[in-house]
Amino acid sequence: MSVISRDKNLIKIFYTSNSTIGKQTLAYLKSSFKDILEIDIEKTKVTGTQWVELAENLKCKVGDLIDKNHPDFEQNYDAKTNLSSQDWIKILDKHPSVLTYPIVIFGDDVYQVNNPSDVEKYIDDSSAGLDEQNP
């Protein structure tokens, strides 16, 4: 059972506001005229269970969500560090800026967005809202 609720009419984005890619992805999502739930992990704690679920949905490990080349990571850890899922979760809690890319949930689909403009292809009829706004 999923601990993160899903809704086909709501886009969720897990991102860090300290990331340019995160901020740009959020801007693209806002231009879609769909309802968005922003989860800025700098301000909102994401539970360990949620991190595990996000990683499973992305078919990766929690450690794969971390940018091991990020200065905040390199300052405290070795890039070859081999840790448990719980340890990786603790790193995300303590240093949210090390999240590699924003994670977007739209309905049952979960994506990690490494190019902000790619988010458009994940959202059905992203231009439909524009037509409704400008008849």
Side-chain angles (χ1 to χ4, degrees):
M1 185 171 135
S2 178
V3 295
I4 301 173
S5 65
R6 311 293 172 100
D7 186 332
K8 65 180 180 167
N9 296 315
L10 177 68
I11 300 169
K12 291 184 180 180
I13 177 172
F14 292 80
Y15 76 109
T16 171
S17 55
N18 290 332
S19 159
T20 302
I21 294 174
K23 289 186 275 191
Q24 290 174 349
T25 301
L26 180 61
Y28 272 100
L29 289 173
K30 286 183 175 181
S31 71
S32 73
F33 297 102
K34 297 192 183 282
D35 291 330
I36 300 167
L37 176 60
E38 302 172 36
I39 301 148
D40 180 355
I41 64 170
E42 296 285 342
K43 300 173 186 168
T44 304
K45 184 174 177 6
V46 177
T47 68
T49 305
Q50 289 171 318
W51 282 123
V52 169
E53 181 178 334
L54 289 168
E56 287 174 353
N57 280 262
L58 292 167
K59 296 177 179 37
C60 68
K61 297 177 183 173
V62 176
D64 297 333
L65 300 176
I66 293 174
D67 179 0
K68 292 157 190 85
N69 294 316
H70 191 283
D72 289 345
F73 183 85
E74 288 181 331
Q75 183 177 359
N76 297 294
Y77 309 97
D78 183 283
K80 295 181 185 358
T81 301
N82 187 13
L83 302 171
S84 70
S85 289
Q86 290 303 318
D87 292 330
W88 291 117
I89 291 165
K90 288 176 187 175
I91 292 172
L92 281 165
D93 282 343
K94 189 171 183 179
H95 306 285
S97 59
V98 302
L99 179 68
T100 51
Y101 298 109
I103 300 170
V104 174
I105 300 175
F106 187 54
D108 290 329
D109 299 318
V110 180
Y111 309 100
Q112 195 164 28
V113 180
N114 59 5
N115 183 350
S117 63
D118 286 349
V119 79
E120 290 180 347
K121 69 183 175 187
Y122 302 135
I123 302 170
D124 297 332
D125 302 322
S126 63
S127 62
L130 295 172
D131 294 338
E132 293 170 13
Q133 297 290 324
N134 300 313

For D40 and Y15: C-alpha separation, side-chain torsions, deciding distance, then whether side-chain contact (heavy atoms from CB on, under 4.5 Å) applies.
CA-CA 5 Å; D40 180 355; Y15 76 109; 4.0 Å; yes
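Take Y111 and apply the ring-ring contact (aromatic ring centres under 6.0 Å, His included) test, not counting sequence neighbours, and it matches Y122.
Side-chain contact between V3 and V52 is absent, with no heavy atoms from C-beta onward closer than 4.5 Å.
With hydrogens and angles left out, the side-chain atoms of E120 and Y28 include no donor and acceptor closer than 3.5 Å. Judged by distance alone, the side chains of D72 and S97 do bring a donor and an acceptor atom under 3.5 Å apart.
The number of heavy atoms from other shown groups lying within 6.0 Å of CG (N82) does not exceed 12.
In terms of heavy atoms, N57 sits closest to E53 at ND2-O, 2.6 Å. Of all non-hydrogen atoms in G22 and P102, the two that sit nearest each other are CA-CG, 3.7 Å. Listed here is the closest heavy atom pair of D35 and N9: CB-O, 3.7 Å. The two residues K68 and W88 make their nearest non-hydrogen contact at CE-CH2, 3.7 Å. In this structure, L54 and I105 approach most closely via the heavy-atom pair CD2-CD1, 3.8 Å. Heavy-atom minimum distance, S32 versus I11: OG-CD1, 4.1 Å.
Put simply, CD1 on I36 and NZ on K34 are 10.0 Å apart, with the number rounded to the nearest 0.5 Å. Taking NZ from K23 and OG1 from T25, the interatomic distance works out to 11.5 Å, rounded to the nearest 0.5 Å. Distance check, rounded to the nearest 0.5 Å: OG1 of T49 to CD1 of I89 gives 7.5 Å. Considering OG of S5 and CG of L37, their distance stands at 8.0 Å, rounded to 0.5 Å. For the atom pair H95 NE2 and H70 NE2, the distance stands at 10.5 Å (nearest 0.5 Å). The NZ atom of K43 sits 9.5 Å away from atom OG1 of T16, with the distance rounded to the nearest 0.5 Å.
For the pair K90 and W51, the cation-pi criterion (under 6.0 Å, within 45° of the ring axis) is not fulfilled.
For the pair K30 and E38, the salt-bridge criterion is met [side-chain N within less than 4.0 Å of a carboxylate O].
Partner of I103 under the side chain to side chain contact (heavy atoms under 4.5 Å, CB included) criterion, out of V113, V46, L65: L65 alone.
Listed for the Q112 side chain is a donor-acceptor partner under 3.5 Å among the backbone atoms of Y101. Side-chain atoms of K12 do not come within 3.5 Å of backbone N or O of R6 as any donor-acceptor pair.
One hydrophobic cluster, built from ILVMFWY side chains closer than 4.5 Å, holds both V62 and F73. No path of Ile, Leu, Val, Met, Phe, Trp and Tyr side chains, each step under 4.5 Å between heavy atoms, connects F14 with I21, placing them in separate hydrophobic clusters.
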